[in-house]
Peer 1: 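I have a structure I would like to understand better, so I am pasting it below and will then ask my questions one at a time.
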2 protein chains.
Amino acid sequence: MPKKCNFIEKLREVGLRPTKQRVKMCEVLYNREKTFHFTINDLVKLLSEKMNQKISLATVYNTVHAFERKGYLKEISIDSHKSYFDTNTSAHHHFFDEDTHELIDCDESDIDKINIRKNITGKKINSVEVLVRVASDNQTQK
Amino acid sequence: MPKKCNFIEKLREVGLRPTKQRVKMCEVLYNREKTFHFTINDLVKLLSEKMNQKISLATVYNTVHAFERKGYLKEISIDSHKSYFDTNTSAHHHFFDEDTHELIDCDESDIDKINIRKNITGKKINSVEVLVRVASDNQTQK
DNA sequence: ATCTACATTATAATAATTCTAAACTGTTGA
DNA sequence: TCAACAGTTTAGAATTATTATAATGTAGAT
């Protein structure tokens with residue numbers, strides 16, 4: 001469990017100034033056992049309610065994006081109305097629970113390596129992401 | 001190439017009233033050889049510019065969603081700021097060109113069948129989607 | 001301690017989407 | 001054929017997520 005000073009170090013390492021707000025956000029995001037999936041809204045709530053940190057919405061956006069640029073966070077595309085972020089920045093896949101709107105990580109061992117046979121000329125592959133949508137077994141299907 | 005009356009039939013079959021606007025939209029969407037990927041914005045432009053159909057933005061949204069509910073269209077999650085739709089409603093994967101923001105279909109043969117070893121108790125798999133992000137070979141990477 | 005560049009803030013602006021309420025139009029069945 | 005109703009369309013307002021702006025604050029180097 002890293003403590004405050006470690007975050008200050010870490011932030012400095014990637015060239016981000018360890019401001020009060022950024023350190024606080026690190027604590028919320030990385031002081032946990034499992035990886036964390038969240039929307040900006042989730043994060044603002046956590047900061048204001050649990051951490052008692054009054055923080056401007058704009059700062060949360062700016063800082064999340066700064067973290068993303070520096071490889072601290074990864075954005076996940078699931079639905080077109082909200083941005084989801086993931087503290088696990090390694091290449092991995094996801095389950096998305098359509099009932100609860102929860103994201104669940106997929107271990108590498110859960111899905112075989114994806115083999116892509118098609119080539120787009122002049123383009124290289126940046127990433128390959130699998131999204132498995134799940135829902136309650138007894139739910140009406142579209 | 002289906003003509004107007006076929007669309008009227010088709011709409012009726014799934015329980016949608018064949019209104020002027022819906023038939024026009026069918027013509028734009030399905031009178032083509034290849035499957036078509038688009039945003040709401042693209043569609044509005046096509047309708048107003050190419051088809052000379054003045055149509056309310058709200059109607060386009062309503063109708064696209066009606067089509068989606070009825071299985072005429074599929075939504076694709078790529079980026080969190082716009083909704084992309086696909087006239088190919090069968091299970092298939094995509095390439096997304098990050099330079100041009102273009103979607104390209106993947107044939108079934110392009111990617112091996114995805115084998116998922118993890119189970120979420122009480123949940124069943126609704127869909128498995130692979131998104132392959134590609135970009136120009138000489139582009140700076142994040 | 002002071003300076004400067006970068007951060008934060010409140011607020012305004014923008015963009016995508018949804019809502020609303022009134023007007024309109026397929027469809028049904030008398 | 002036509003009235004009546006339910007489903008549609010429409011313009012515009014409202015909402016939601018996000019980004020821009022401009023003033024103020026602060027970390028870090030000198």
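Just so it is clear, the structure is predicted and the values come from calculations on it, not from any experiment.
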Peer 1: Hey, where on DNA chain C does chain B first and last touch, going 5' to 3'? Cut-off is any atom under 4.0 Å from a heavy atom.
Peer 2: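 Going 5' to 3' along DNA chain C, contacts run C/dA16 to C/dT27.
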
Peer 1: Round to the nearest Å and state the distance from A/Glu68 atom CD to D/dT18 atom C1'.
Peer 2: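 Checked: the CD to C1' distance equals 14 Å.
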
Peer 1: Does D/dT18 have OP1 or OP2 under 4.0 Å away from a side-chain N or O of A/His65?
Peer 2: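 Answer no for this pair, as no side-chain N or O of A/His65 is under 4.0 Å from OP1 or OP2.
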
Peer 1: Give, for atom SG of B/Cys26 and atom CG of B/Leu11, the distance between the pair rounded to the nearest 0.5 Å.
Peer 2: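 Between B/Cys26 SG and B/Leu11 CG, I get 4.0 Å after rounding to 0.5 Å.
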
Peer 1: Run through A/Val64, A/Thr59, A/Thr19 and flag the one making a side chain to side chain contact (heavy atoms under 4.5 Å, CB included) with A/Met25.
Peer 2: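 Exactly one option meets the side chain to side chain contact (heavy atoms under 4.5 Å, CB included) with A/Met25, and it is A/Val64.
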
Peer 1: According to ring-ring contact (aromatic ring centres under 6.0 Å, His included), who are the partners of B/His94, at least two apart in sequence or on a separate chain?
Peer 2: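 B/His94 satisfies ring-ring contact (aromatic ring centres under 6.0 Å, His included) with B/His37, B/His92 only.
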
Peer 1: Output side-chain donor-acceptor pairs under 3.5 Å for residues 47-58 of chain B, partner residues at least two apart or in another chain, one line each.
Peer 2:
from	atom 1	to	atom 2	distance (Å)
B/Ser48	OG	B/Val44	O	3.2
B/Ser48	OG	B/Lys45	O	3.3
B/Ser56	OG	B/Ala58	N	3.2

Peer 1: Tell me the ring-ring contact (aromatic ring centres under 6.0 Å, His included) pairs involving residues 99-125 of chain B, sequence neighbours left out?
Peer 2: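 Listed once each, the pairs are B/Phe96-B/His101.
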
Peer 1: Between atom NZ of B/Lys70 and atom CD of B/Glu68, what is the distance when rounded to the nearest 0.5 Å?
Peer 2: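 Nearest 0.5 Å value for the NZ-CD distance: 12.5 Å.
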
Peer 1: Rounding to an integer number of Å, can you tell me how far A/Arg12 CZ sits from D/dT26 P?
Peer 2: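 Going from A/Arg12 (CZ) to D/dT26 (P), I get 17 Å.
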
Peer 1: Which letter, B, S or -, goes with each nucleotide of nucleotides 1-15 of chain D from 5' to 3', with contact meaning a protein heavy atom under 4.0 Å?
Peer 2: -----BBSSBB----

Peer 1: Not counting sequence neighbours, which residues clear salt bridge (charged side-chain N to carboxylate O under 4.0 Å, His left out) with B/Asp105? List them please.
Peer 2: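 None.
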
Peer 1: Within the 3.5 Å criterion, strictly below it, is a donor on B/Ser90 or B/Asn88 matched to an acceptor on the partner's side chain?
Peer 2: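 Side chains of B/Ser90 and B/Asn88: pair found under 3.5 Å.
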
